[in-house]
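Report on the following structure.
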Amino acid sequence: MTFLQGIAASNGIAIAKAYRLVEPNLTFETQTIEDTASEVSRFREAIAKSKAELEAIRDRAKVDLGADKAAIFEAHLLVLTDPELNGPIEDKIQSDKVNAEAALKDTADMFVTMFEQMDNEYMKERAADIRDVTKRVLSHLLGVQLVNPSMIAEEVIIVAEDLTPSDTAQLNRQYVLGFTTDIGGRTSHSAIMARSMEIPAVVGTKTATEEINNGDLVIVDGLKGEVHINPTPELVEEYRNIHQQFEAQKSEWAKLVNEKTVSADDHHVELAANIGTPNDLKGVIENGGEGVGLYRTEFLYMGRDQLPTEEEQFEAYKAVLEGMKDKPVVVRTLDIGGDKELPYLQLPKELNPFLGFRAIRLCLEEQDIFRTQLRALLRASTYGSLKIMFPMIATLDEFREAKAILEDERQKLIAAGQKVSDSIELGIMVEIPSTAILADQFAKEVDFFSIGTNDLIQYTMAADRMNQRVSYLYQPYSPSILRLVKMVIDAAHAEGKWAGMCGEMAGDETAIPLLLGLGLDEFSMSATSILKARSQIKKLRKADMEKLANQVLNMQTTDQVIEAVNAATK
Ligand code: PEP
Ligand code: MG
């Protein structure tokens, strides 16, 4: 039995066999072959196995993802059985007396280069198909297994070095019971998505992919951040009990689903949800969300190969607004960059992507992208209670410029006879220290603030949120962070505006008493944290939490703050 300590990224316990989502090694050596006839048969056999595999993937994709998405595998099958490709490979085995791997690779490379040089998008895509198919045939020649997460058909725990947000979005909840990764932190986007999908997860284990083999029995303890590999039957039994207790606790919280969130001394706050796609709405409703406090629209742009059209976006925004009836929905404009990449924009690689050309910076430069999104939002605005929020605002000039573009699109739509709501609130994310410090000036011009602590903490502490070696600096209860949060809330209130928080801190059990005391109006969190937070707030008195907050603002360290919160809330 082996034990790994990581970072608890998503609540819950999962017990299942491991499925390694790790690219296999496809390197080989060129060899001289005497018996070329049997080498040709070996090649044909690899083609046959690849064909059977691709047909199965295609059939599964048709059912799970629809015929559109399955079409890519049809294209791969055509390439795989194309005599124009296979003929030259077999000829090469015979004439050059080389192994099938070498003949395949050389011939495929030649076609790929040829297609890539053509000035024709269709042919360039064929080059990508050939590359994919070659990998598959090579894997069969070498006797290694390519990873095929879409083919998982039994309950598993995914083990990966890292999962991108789009990998995470494709995980099938029916079979993927949990995941664990080598890298990542509590606020990396795969962790955030795991929470919204209710998949227990432990990230930042450093060595999960080294220690875990395919088929090992694994326990993912998303409550404590622990991973147990090939546990004893006693430990499995213990964890089955913990799992049951956790489920029982959840049923208790579920009784609060239709209640308002009020403290023991009758102060109301709003508990809203963070979502990534319209599909997350079901979870928001089931967990009694009083609104959507953050709709991360960038997921609409990810996991595809071109920008979403205005119409596609309009449909998504409309679905969310209608789904929430008249409850508030805060939609954040495109926040791409950092760990959220859009390969098809072909942006140059940056040394410090979290400090680079991202979010509003990109939108103000690439205005076509920004304006398309704003038009879709404005058109959807009549279907519910829409609030628009700009991410990563560092200066008032950025906010004013973004607001002017929104106004320009609004006027154009109205002039064209389009109905647009006249009560859309306009706010900003406060996630850059300069904006928190200047919040009093921003408060004169915005309708609301939403504090993005995932980034605010990373920028204040100068600690990359993806890097587990500096994850100890993710300190939401540090007096430095709490002072910034207070500045923002006070600045909003001084101008009669509201302040929310949509970073992960808003759903954190230790932070909630402090945020209530500091006067936060709206707490936006993973939907699955809402009922627990509601149950906690009902037991707290706001007046007491104000005293606690004042006390901790003058403390020196995070540990002192944690101790004070524990003492005041036990
Ligand atoms: C944040 O930075 O706190 C936030 C909510 O935005 P994201 O996690 O998407 O960067
Ligand atoms: Mg952010």
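FYI, the numbering just counts along the sequence from 1. Order of appearance sets the numbers: ligands from 1, and atoms from 1 within every ligand.
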Student check: side-chain heavy atoms of Phe449 and Glu522 closer than 4.5 Å: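 They are not in side-chain contact.
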
Tell me whether [X] contacts the main-chain N or O of [Y] through its side chain, where contact means a donor paired with an acceptor under 3.5 Å.
{"X": "Arg371", "Y": "Glu409", "answer": "no"}
{"X": "Ser526", "Y": "Ser529", "answer": "no"}
{"X": "Asp521", "Y": "Ala499", "answer": "yes"}
{"X": "Lys497", "Y": "Val446", "answer": "yes"}

Whether Lys282 and Glu286 form a salt bridge (side-chain N of Lys/Arg under 4.0 Å from carboxylate O of Asp/Glu) is what I want to check.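 Yes.
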
Would Lys340 count as a contact residue for ligand 1, given that I'm defining contact as a non-hydrogen atom of the residue lying under 4.0 Å from a ligand atom?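 It does; at least one heavy atom falls under 4.0 Å.
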
Please state which option from Arg465, Arg358, Arg332, Glu298 has its nearest heavy atom closest to atom 6 (O) of ligand 1.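 Result: the heavy atom closest to atom 6 (O) of ligand 1 is in Arg332.
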
Out of Asn454, Ile451, Leu294, Asp335, indicate the one that has the non-hydrogen atom closest to atom 3 (O) of ligand 1.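 The option holding the nearest heavy atom is Asn454.
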
Would one find an N, O or S atom of Asp455, in either backbone or side chain, under 2.8 Å from the Mg ion (ligand 2)?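 Asp455 does place an N, O or S atom closer than 2.8 Å to the Mg ion (ligand 2).
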
How long is the straight-line distance from CE of Met392 back to CZ of Phe354, given to the nearest 0.5 Å?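 Between atom CZ of Phe354 and atom CE of Met392 there are 9.0 Å.
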
With the Mg ion (ligand 2) as the reference point, give the N/O/S atom of Glu431 that is nearest.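 Restricting Glu431 to its N, O and S atoms, the minimum distance to the Mg ion (ligand 2) goes to OE1.
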
Backbone, side chain, both or neither: what part of Met429 comes under 4.0 angstrom of ligand 1, heavy atoms only?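 The answer is the side chain.
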
Atom indices of ligand 1 within 4.0 angstrom of Glu431 heavy atoms, with elements: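 Once the distances to Glu431 are compared, the set is 1 (C), 2 (O), 6 (O).
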
Counting from 1, what ligand 1 atoms have a heavy atom of Cys502 closer than 4.0 Å?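 Once the distances to Cys502 are compared, the set is 5 (C).
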
Arg296, any N or O under 3.5 Å of ligand 1 N or O: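 Min N/O separation from ligand 1 is below 3.5 Å for Arg296.
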
